[in-house]
2 protein chains.
Amino acid sequence: MTGGTARRAPLSRDRVLGAAVALADSVGIEALSMRQLAQELGVVPMALYKHVANKDELVDGMVDVVLGEIDPAAPTADWRDAVRRRVLSAREVVVRHPWARKAIESRTRRTPTVLAYMDSLAGMFRAGGFSPDLTHHVMHALGNRMWGFSPELFEEPRDPSAPAPSPEQQEAMAAEFAERFPHILEIATAATSGDLSRVGGGCDEQFEFEFALDLMLDGFERLREQGWTSRRG
Amino acid sequence: MTGGTARRAPLSRDRVLGAAVALADSVGIEALSMRQLAQELGVVPMALYKHVANKDELVDGMVDVVLGEIDPAAPTADWRDAVRRRVLSAREVVVRHPWARKAIESRTRRTPTVLAYMDSLAGMFRAGGFSPDLTHHVMHALGNRMWGFSPELFEEPRDPSAPAPSPEQQEAMAAEFAERFPHILEIATAATSGDLSRVGGGCDEQFEFEFALDLMLDGFERLREQGWTSRRG
DNA sequence: TTGACAGGCGTACACCGTACACCTACGGTT
DNA sequence: AACCGTAGGTGTACGGTGTACGCCTGTCAA
């Protein structure tokens with residue numbers, strides 16, 4: 001009966017992964033469970049296991065999905081520009097999917113999609129005149145930054161439900177902090193251009209990311225120029 | 001009765017944390033559970049909660065313990081040397097406690113111990129002539145490498161229980177790999193000096209770490225020399 | 001002697017991933 | 001038309017997790 005109440009669309013690997021990505025987008029990766037995902041799909045938990053082997057493989061698949069959102073590599077004369085674009089494009093997708101950071105960090109299996117991305121990046125270095133040897137090391141040096149994220153040194157819980165400390169408590173804490181961690185306080189205030197009220201407010205992650213990325217790329221270029229090699233002689 | 005069968009030594013926060021570190025050392029962080037830890041201490045699970053608030057706080061404490069194993073900062077004329085020593089000392093302890101990598105990555109709360117370490121590092125940059133502004137950014141650029149580890153691009157499961165693929169299967173896989181990921185294959189063989197049989201064997205992590213660290217430190221020094229600042233004008 | 005309290009115990013709950021057996025509907029073969 | 005293999009959704013159950021809550025007991029100060 002085509003005109004009756006529409007039957008639930010059948011599951012498929014893609015539908016499962018898509019729903020998982022959407023769910024992780026809204027509740028985070030640590031709240032994503034097979035049971036909740038099943039419920040979201042109007043299905044019993046075990047039904048999922050007909051489409052993914054287990055939860056690990058599910059997360060692998062989710063990572064593949066978001067990696068698929070990275071802009072395909074565009075041909076560029078300049079290796080530096082090519083790498084930079086690619087990585088910043090990757091960054092855009094992990095910003096869209098904040099859980100991807102943890103997911104990628106925790107991943108141990110390298111899926112073909114992951115390998116393909118790394119391969120394309122390696123290819124850019126090679127095309128730019130990097131030796132296989134040097135390419136290898138700069139890929140390591142890039143590390144997780146190739147996926148468009150850097151570790152968050154300070155992640156603020158910013159828990160609004162927590163009871164706000166009284167002003168004098170705040171003052172006391174600030175005083176103790178200033179005594180024990182003067183340099184951190186100093187650079188934190190520098191980061192906010194001296195606006196003390198915004199000290200806890202987090203950093204400009206995009207700036208920090210590009211700063212570090214460019215620093216590395218500069219270093220890479222220098223090593224390439226001077227024909228760096230790991231073999232002594 | 002002092003001479004009778006010795007009563008179990010009473011629990012304490014330190015004893016709990018010490019046992020947790022030892023347990024994680026032997027079974028890994030993901031196998032560490034409150035129940036198992038309690039059993040190790042000859043105690044009922046809930047007894048632990050009299051000494052740590054919850055599991056998160058337990059892990060925070062464990063991280064603090066291992067950070068305590070880092071060599072105290074020694075006075076050095078050269079900022080570069082000071083930072084390098086400190087970070088490599090940190091690396092020694094995370095190599096001793098492999099689980100610390102994941103633990104630190106997953107941590108969100110910054111304990112005083114963590115802050116103290118970061119503060120001492122920041123202090124080294126400041127003493128070396130870095131502006132607060134620049135210090136801030138280089139700390140971000142250093143990222144998790146300040147804890148002595150870099151992300152593992154390829155972690156091999158190296159599962160010995162998995163059925164070994166037949167030689168022809170292996171050959172077929174290698175051929176497909178070579179076609180799809182030529183650059184990865186190329187740099188992997190470069191890493192083993194052309195010894196194809198060792199391609200899957202992993203990289204020299206220590207070398208990669210120092211390579212990346214020195215690359216960053218070089219970059220930092222250059223920025224310091226030229227009086228880099230994030231403010232335009 | 002008393003009574004507060006620190007610290008270990010036992011039970012119980014909600015949640016997790018997933019093994020296993022079952023059912024049911026569909027597509028191709030005879 | 002009868003059959004049957006199989007893909008895919010269901011239900012139940014098991015062993016694991018973190019931890020809330022109440023109890024009980026030994027220690028020590030008043």
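Lettering follows sequence order; numbering is per chain, from 1.
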Could you pull out all residues at least two apart from B:F209 that satisfy ring-ring contact (aromatic ring centres under 6.0 Å, His included)? none
Residues that A:Y49 engages under ring-ring contact (aromatic ring centres under 6.0 Å, His included), provided they are two or more places apart: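 Expected list: none.
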Could you name each residue pair satisfying side-chain hydrogen bond (donor to acceptor under 3.5 Å, both in side chains) that touches [range], not counting sequence neighbours?
range	result
residues 29-42 of chain B	none
residues 51-65 of chain A	A:R13-A:E57, A:D60-A:R107, A:D64-A:T111, A:D64-A:T113
residues 135-144 of chain B	A:E208-B:H137, B:D133-B:H137, B:H136-B:H140

Separation of [X] atom [atom1] from [N] atom [atom2], in whole Å?
X	N	atom1	atom2	value
A:E30	C:dC16	CD	P	13 Å
B:L41	C:dG7	CG	C1'	14 Å
B:M46	D:dA20	CE	C1'	7 Å

Here the residues of residues 31-40 of chain A within 4.0 Å heavy-atom distance, strictly under, of DNA chain D are A:R35
Near-strand residues of residues 50-61 of chain B, defined as heavy-atom separation under 4.0 angstrom from DNA chain D: B:N54, B:K55
For B:E92, all residues meeting side chain to side chain donor-acceptor pair (under 3.5 Å), sequence neighbours excluded: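 Checked B:E92 against side chain to side chain donor-acceptor pair (under 3.5 Å); zero matches.
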Residues two or more places apart in sequence or in another chain: which of them pass side chain to side chain donor-acceptor pair (under 3.5 Å) with A:R145?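 Here no residue qualifies.
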Parallel, tilted or perpendicular: which fits the ring planes of A:F177 and A:F181, with parallel below 30° and perpendicular above 60°?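 Because their plane-to-plane angle is over 60°, the rings of A:F177 and A:F181 count as perpendicular.
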Going by the salt bridge (Lys or Arg N to Asp or Glu O under 4.0 Å) test, which pairs reach into residues 172-191 of chain B, not counting sequence neighbours? A:R126-B:E186, B:E176-B:R180
When you match A:L48 and B:Y49 each to their closest nucleotide on DNA chain D, which lands nearer the 5' end?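 The residue mapped nearer the 5' terminus is A:L48.
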Note the angle between the end axes of the helix from C:dT1-D:dA30 to C:dT30-D:dA1, five pairs defining each, rounded to 10 degrees.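 What I find for the helix from C:dT1-D:dA30 to C:dT30-D:dA1 is an axis angle of 10°.
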Residues in salt bridge (Lys or Arg N to Asp or Glu O under 4.0 Å) contact with B:R101, at least two apart in sequence or another chain: B:E152, B:E205
